[in-house]
Protein chains: 2
Amino acid sequence: MPTREADADGAPRTVTIQDVARRAGVSTATVSRAIALPDRVTEATRAAVFAAIRETGYTPNAAARSLRAKSTKMVLVLLPGIGNSFFTPVLNALEEVFTEGGYGVLIGYTRQSRSRETHYARVIRAGQVDGVLVVTGNVPRDEEFVSVPDTVPMSLMFSEIPGTEQFSVFDVDNRGASAEAVRYLIAQGHRRIAHIPGAEGGLEANERLGGYCDALREAGLPIDEALIWRGASNFDFASGDRAARDFFALADKPTAVFAAADEIALGFMRALKNGGVSIPGDVSVIGFDDTEYAVHYDPALTTMRQPRTEMGRLAAADLLRRMASARDGSPSTSKVRLPCELVVRESVRRMG
Amino acid sequence: MPTREADADGAPRTVTIQDVARRAGVSTATVSRAIALPDRVTEATRAAVFAAIRETGYTPNAAARSLRAKSTKMVLVLLPGIGNSFFTPVLNALEEVFTEGGYGVLIGYTRQSRSRETHYARVIRAGQVDGVLVVTGNVPRDEEFVSVPDTVPMSLMFSEIPGTEQFSVFDVDNRGASAEAVRYLIAQGHRRIAHIPGAEGGLEANERLGGYCDALREAGLPIDEALIWRGASNFDFASGDRAARDFFALADKPTAVFAAADEIALGFMRALKNGGVSIPGDVSVIGFDDTEYAVHYDPALTTMRQPRTEMGRLAAADLLRRMASARDGSPSTSKVRLPCELVVRESVRRMG
DNA sequence: TTGAAAGCGCTAACAG
DNA sequence: CTGTTAGCGCTTTCAA
């Protein structure tokens with residue numbers, strides 16, 4: 001509840017625009033104007049109003065303002081919420097830009113659950129937010145979301161919904177970047193290269209797998225299913241650990257491995273080292289993401305960096321722009337594909 | 001904006017409670033009741049209302065409801081926002097419990113900035129949230145926050161403000177847990193034990209330093225300032241890296257080090273290994289937190305676990321309770337101090 | 001430049 | 001059990 005001030009009988013009462021108006025000797029309309037359009041009132045009026053605001057400790061009530069203005073100045077950020085810290089810098093950047101732009105950030109974790117998606121669809125339809133940012137590989141499948149873009153601007157980060165035009169999309173060229181990572185391995189003299197794909201069925205995971213195949217094909221190398229260690233349920237340590245079992249089970253081992261995410265790479269490396277395999281001595285590893293931990297691991301992980309903070313900033317700025325111009329028709333959406341960057345560290349060895 | 005339906009002339013219009021009432025042949029009050037207190041209307045009325053809701057695609061407008069009910073069903077979660085992924089599971093747990101309880105989660109990163117604190121104080125005073133959870137070592141110093149607990153319930157996580165009663169507090173016994181960590185080192189035969197404190201001036205960092213000293217004193221060991229490597233600006237890798245310089249500069253090296261956070265420990269270990277120092281062969285390291293990465297590092301980090309998820313759940317449940325009973329006077333606050341747990345892994349060696 | 005008045009969509013008294 | 005009525009606090013025409 002808003003600020004209160006003592007009543008005549010000592011009972012606390014919330015300070016409203018009425019109180020300010022009375023105190024400043026003007027109408028409520030003038031107080032409202034002095035706040036929203038300071039140029040539209042005389043110098044003297046403005047001073048009187050702001051003095052009254054200070055004296056009363058007035059803060060405009062958000063609900064009343066939203067109801068009247070039909071805008072809540074809030075955005076909904078939807079995350080997968082699998083406990084992955086990949087999104088920490090993204091959320092950080094989003095919060096920064098949105099707050100700067102005068103918007104609050106409501107977060108929601110979809111957890112791949114239908115009921116949670118329905119819940120957040122309802123939040124949107126209740127007019128609780130002016131825009132939506134979906135930061136997840138798994139875009140909500142709820143039918144309710146289909147109607148969302150008609151009501152508030154919505155953007156996608158890190159993955160797109162092919163064939164749609166109503167969202168802004170901010171992602172990277174997962175396929176191209178993965179191919180580049182594998183090309184680097186090839187350039188270092190590796191010929192037998194394995195891949196640990198990400199979460200089965202996800203668009204990003206598929207794209208990265210595609211890039212891996214592209215690079216192999218380009219170089220005239222065979223694509224060997226025995227070297228594609230599927231079964232990841234997520235972009236996490238456990239999936240890397242699981243892949244290590246495939247590695248150990250294999251007679252003819254690869255000299256290098258491309259993991260679809262840093263955490264997968266780290267989990268894999270740890271398991272290999274436990275098994276007495278040296279990295280990059282015996283096998284080289286390259287990751288994807290450039291998470292905080294990549295550089296601090298031993299050996300420091302060579303990886304493809306996704307510009308997470310920059311993507312967050314750009315996506316937020318775009319949504320801000322679209323929300324601002326939402327009243328005059330559907331503002332144009334953007335498709336921004338940022339470049340990844342190979343970060344060479346210590347986990348890949350040059351062959352022969 | 002809320003759901004819309006085509007008007008007579010095709011223009012989209014938002015569906016209001018009026019539309020539902022008209023369609024169901026009842027008054028708006030009855031619709032409101034059918035939704036909020038289903039038992040207070042006849043079976044037939046309820047059916048008619050829900051049918052009308054379904055047919056129109058009605059979703060109650062959040063702003064109107066908040067304005068009238070003087071409750072937004074939202075909480076503000078304030079994080080430090082230094083990009084630290086320590087808070088990822090905490091935020092996850094909070095979101096889960098709050099959503100379950102029918103509350104939305106608005107996040108804010110204070111970034112130790114005065115202006116941002118003022119901003120969020122204003123959000124609270126604007127009545128935008130029904131409760132506040134401060135998840136940070138640095139509690140807002142803004143005067144505006146002083147008045148907050150009178151208006152909405154507020155809780156603190158991970159650190160307290162000594163001498164205050166108006167907040168619920170969920171934390172761990174940083175001092176006791178740290179002493180326990182150092183006692184473990186002593187029990188393993190270590191006598192010359194160093195400490196890397198956390199962010200200078202923070203309550204938690206001080207407590208952990210205090211615990212370190214306690215354990216040393218208990219064992220009759222001297223407290224040597226040369227073994228307390230101050231200067232951390234944060235609980236991060238960089239601080240561990242920085243401490244490694246002190247280590248290398250020292251002639252008479254310690255056999256064990258207690259780092260005030262896992263990330264500090266990891267940064268320190270990495271720097272030592274780079275310098276050819278073996279862990280735990282040459283020096284043992286123990287951390288604090290039990291972050292996701294502790295177990296996957298090489299060597300896996302022995303550390304004191306803070307029950308982050310559980311703390312998040314409990315804190316959220318407590319705030320939920322307090323918000324529910326906020327109308328009838330100031331509900332009682334809780335002080336919950338959860339136990340930490342020593343997780344023994346590979347980074348500490350048993351001496352001679 | 002300012003004020004009066006209407007009303008955003010909903011809930012809560014109060015009658016009936 | 002249901003309807004009527006008032007009004008939450010604010011912004012925005014419309015007139016003056």
Side-chain angles (χ1 to χ4, degrees), chain A residues 1-5 13-49 52-53 56-73 122 125-128 130 151 327, chain B residues 1-5 13-49 52-53 56-73 122 125-128 130 151 327:
Chain A
M1 290 186 211
T3 323
R4 287 140 179 277
E5 77 174 353
R13 244 193 64 253
T14 70
V15 176
T16 75
I17 199 169
Q18 293 275 7
D19 301 314
V20 177
R22 208 165 4 242
R23 185 155 201 140
V26 297
S27 72
T28 60
T30 299
V31 174
S32 180
R33 267 186 225 109
I35 295 171
L37 314 102
D39 321 324
R40 287 262 245 279
V41 297
T42 59
E43 170 82 46
T45 313
R46 206 184 318 143
V49 168
I53 288 176
T56 54
Y58 170 69
T59 309
N61 177 283
R65 189 173 262 184
S66 298
L67 179 57
R68 192 59 239 241
K70 295 196 173 316
S71 150
T72 58
K73 291 285 181 183
R122 210 182 307 276
R125 306 201 332 170
Q128 235 176 112
D130 294 346
T151 144
R327 53 203 66 198
Chain B
M1 287 182 211
T3 323
R4 287 141 178 277
E5 77 174 354
R13 244 194 64 253
T14 68
V15 177
T16 75
I17 200 170
Q18 294 274 7
D19 301 314
V20 177
R22 206 163 8 239
R23 185 155 202 139
V26 297
S27 71
T28 60
T30 299
V31 175
S32 181
R33 266 184 227 113
I35 295 172
L37 313 101
D39 320 325
R40 288 263 247 277
V41 298
T42 58
E43 170 80 48
T45 311
R46 206 185 317 145
V49 168
I53 288 177
T56 54
Y58 170 69
T59 309
N61 176 283
R65 190 174 261 184
S66 298
L67 179 58
R68 191 62 240 238
K70 295 197 172 318
S71 150
T72 58
K73 291 286 182 183
R122 209 181 309 277
R125 306 200 332 168
Q128 233 176 114
D130 294 346
T151 144
R327 53 203 66 199

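Within every chain, numbering begins at 1; the chains are lettered A, B, ... in the order of the sequence lines, protein sequences first and strands thereafter. These numbers come from a predicted model, not from an experiment.
Remark: T72(B) pairs with D130(B) by the side-chain hydrogen bond (donor to acceptor under 3.5 Å, both in side chains) rule, at least two apart or across chains. With sequence neighbours left out, the side-chain hydrogen bond (donor to acceptor under 3.5 Å, both in side chains) criterion links T45(B) to T42(B). Residues satisfying the salt bridge (Lys or Arg N to Asp or Glu O under 4.0 Å) test with R22(A), not counting sequence neighbours, are D19(A). Residues forming a side chain to side chain contact (heavy atoms under 4.5 Å, CB included) with R68(B) (at least two apart in sequence, or on another chain): none.
Residue E43(B) contributes atom CD, which lies 11 Å from atom P of dT2(D) at whole-angstrom precision.
Among the protein residues, S66(A) comes within range of no part of the nucleic acid, since none of its heavy atoms lies under 4.0 Å from any strand. When heavy atoms are screened at a 4.0 angstrom cut-off, D39(B) is found touching the sugar-phosphate backbone but no base atom.
I35(A) CD1 to I53(A) CD1: the interatomic distance, rounded to the nearest 0.5 Å, is 4.0 Å. Taking CG from L37(B) and CZ from R46(B), the interatomic distance works out to 11.5 Å, rounded to the nearest 0.5 Å. Annotation: the span from S32(B) atom OG to R65(B) atom CZ amounts to 7.5 Å, rounded to 0.5 Å.
Residues V41(B) and V49(B) form no side-chain contact, since every pair of their non-hydrogen atoms from C-beta on lies 4.5 Å or further apart.
Comparing the start and finish of the helix from dT1(C)-dA16(D) to dG16(C)-dC1(D), five pairs each, the helix axis swings through 30°, to the nearest 10 degrees.
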Treat primed atoms plus P, OP1 and OP2 as sugar-phosphate and everything else as base, then score nucleotides 8-16 of chain D 5' to 3': B for base contact with protein heavy atoms under 4.0 Å, S for sugar-phosphate contact only, - for none. BBBBBB---
